[in-house]
Amino acid sequence: MVELDDLLAQVWPLAASNTPGTDTVNLNAALGRVVVGDVFSQLNVPQHDNSGMDGYAVRCADLAKGVQFAVSQRVPAGASPLPLQAGTVTRIFTGAPIPPGADAVVMQEDASVLANGLVTFNAVPTPNQWIRRAGEDIACGQVVVPKGTVLDAIHVGLLASIGVDRVDVVKRLKVGVMVTGSELQNPGKALEPGQIYNSNEFVWSGFLKAMNIDVESVGIVPDNLEATCSALERLAECDAVVSSGGVSVGEEDHVKPAIERMGELRAWKVAMKPGKPIAFGHINRSDGGQSWFFGLPGNPVSSALAFQLIVKPFLGLLQGQSMGQVDWRLRMHPVKADFAWAKPDMCREEFLRVDVQSGCAGLFPNQSSGVLTSLAQSSGLVRLAKGQVVAPGDVLNYVSYQDLMK
């Protein structure tokens, strides 16, 4: 068995130098895509000093309580003001450019308009009051969206704010999915004796679609070598293939020999619980290239955790993200155990499903690798070393599912 950290050190760097090319998309199609290079601003945001309030643009040196001022101009947002005339004030609205010569804005609540049209002020402002300076949000030449960023709605808004309408992104990945097991049946169909419903495919497809990855599925593959090889051949043109089940050493486990026939098996069995029977390698393509392969366990918890801990970061790197962005170990933080764990695994590190409230981790009562409800009813994982006993109050390393999905 290979240690998990050793596997990650072997596997993840293979993706960092094998990104799948680039696309140029408009902003409406950019959500969830990964930026190829740094995006620089060609302008200041805001482009000019502007008012942060509805009120009056003034020269502070002119003001005193009770002094009456004429309004020399009215400047709404989008207008181009004249210089402020000495001894006058400018009626101004939020977002409007500051007139040359003005050095503060008095909000209208601190002003009184007299019957003769003149204005007095109830407070004397300080210089720069309620003025938003040019470039205080984004300066010309500044990196607005760094290389490797997964674009969310705010990033797209930032690009729009600097006038960018198209952005270079990494080509959308295509990942092949197959689930092996003659005992599996798809939801919506009646179960025959000995059958169970296929859930892994739906978990992975959800994870992949959340990453903006195209999914190609061959569905359920029966437990025989030729069917397994045929399914892998159909998926070989994908950027990567994820399979569940068939990676152990039983007579009905055909994934390992299929990969050895059709490509190369680079790693097999990981010293982690749940998730020991994990295979990594590649499938040879007809064009001489290769498709990365991950064979995950059939048990739903083992499969889901292996995907989140090993496969998802690899695919993120393949999309062009940095190691710092995908490495969930950097997002682990300490929590206090609210449980005891007296019989640890002496050969494998363990990931226990816990629910963390106010910094205390409560253990989900059933840690079986087949209990999918344990993932739905917990908030994340604590990582235990081989043989690590836990007593209430011990400080443990924890990563939330939310952080795993970043």
Side-chain angles (χ1 to χ4, degrees), residues 26-28 30-31 35 38-146 149-167 333 357-359 402 406:
N26 62 43
L27 290 190
N28 288 330
L31 198 66
V35 175
D38 293 339
V39 181
F40 295 86
S41 177
Q42 302 301 314
L43 48 80
N44 287 323
V45 178
Q47 289 188 267
H48 45 250
D49 295 347
N50 69 91
S51 177
M53 282 285 178
D54 290 347
Y56 297 86
V58 303
R59 183 182 293 107
C60 291
D62 292 345
L63 264 63
K65 286 185 179 180
V67 176
Q68 299 179 7
F69 294 89
V71 177
S72 57
Q73 61 180 323
R74 182 180 183 277
V75 184
S80 181
L82 299 171
L84 181 62
Q85 296 178 20
T88 71
V89 296
T90 293
R91 179 67 167 127
I92 198 166
F93 298 88
T94 303
I98 300 296
D103 59 7
V105 171
V106 180
M107 61 182 180
Q108 61 189 24
E109 290 85 350
D110 290 331
S112 298
V113 180
L114 305 178
N116 59 7
L118 300 180
V119 179
T120 63
F121 299 102
N122 305 321
V124 176
T126 56
N128 298 313
Q129 178 175 296
W130 296 119
I131 293 179
R132 300 183 294 207
R133 294 297 179 186
E136 73 173 30
D137 184 7
I138 301 170
C140 184
Q142 176 184 335
V143 175
V144 178
V145 179
T149 298
V150 181
L151 293 171
D152 61 19
I154 301 301
H155 297 127
V156 173
L158 282 172
L159 293 173
S161 76
I162 60 172
V164 171
D165 66 334
R166 295 175 68 79
V167 61
H333 61 271
Q357 301 290 336
S358 302
Q402 184 176 11
K406 286 183 177 177

Which donor-acceptor pairs under 3.5 Å do the side chains of residues 83-103 make with protein atoms, sequence neighbours left out?
from, atom 1, to, atom 2, distance (Å)
T88, OG1, S72, OG, 2.9
T88, OG1, Q85, O, 2.7
T90, OG1, Q73, NE2, 3.4
R91, NH1, G55, O, 3.1
R91, NH1, Q108, OE1, 3.2
R91, NH2, Q108, OE1, 2.9
T94, OG1, D54, N, 3.2
T94, OG1, D54, OD1, 3.0
D103, OD1, C60, N, 2.8

Note to self: Using every non-hydrogen atom in the two residues, find where A111 and V119 come nearest and quote the distance to one decimal.
What the structure shows: CB-CG1, 4.0 Å

Next item on the list: Measure the shortest side-chain to side-chain distance between I138 and L158 over non-hydrogen atoms and say whether it is less than 4.5 angstrom.
Entry: yes

Notebook entry, point to check: Who pairs with R133 by salt bridge (charged side-chain N to carboxylate O under 4.0 Å, His left out), at least two apart in sequence or on another chain?
Noted result: D49

Next item on the list: Drop me the distance from S161's OG to I154's CD1, to the nearest 0.5 angstrom.
Entry: 10.5 Å

Item checked: Minimum-distance pair of heavy atoms, taken over all atoms of W130 and V105 -> CD1-O, 3.4 Å

Checklist line | Residue that, paired with V144, satisfies side-chain contact (heavy atoms from CB on, under 4.5 Å) out of V45, I162, V164 | finding: I162

Notebook entry, point to check: So, N44 side chain and C140 main chain: donor-acceptor pair closer than 3.5 Å or not?
Noted result: yes

Next item on the list: Looking only at non-hydrogen atoms, find the nearest pair between V106 and D110 and report the distance.
Entry: CG1-CB, 3.8 Å

Next item on the list: Write down the atom of Q68, the atom of L118, and the distance for their closest heavy-atom approach.
Entry: OE1-CD1, 3.3 Å

Next item on the list: Mark yes or no for whether T149, through its side chain, and L151, through its backbone, hold a donor-acceptor pair below 3.5 Å.
Entry: no

Next item on the list: Under the salt bridge (charged side-chain N to carboxylate O under 4.0 Å, His left out) rule, collect the residues that match up with D62, sequence neighbours excluded.
Entry: R59

Note to self: To check you understand the geometry: which heavy-atom pair defines the closest contact between R132 and P46, and what is its length?
What the structure shows: O-CG, 4.4 Å

Next item on the list: State, yes or no, whether a side-chain contact exists between P146 and V35 at a heavy-atom distance under 4.5 Å.
Entry: no

Notebook entry, point to check: Out of curiosity, Q129 CD to M53 CE, how far, rounded to the nearest 0.5 Å?
Noted result: 9.5 Å

Margin query: As an exercise, state the distance from CZ of F69 to OH of Y56, rounded to the nearest 0.5 Å.
Written below: 12.5 Å

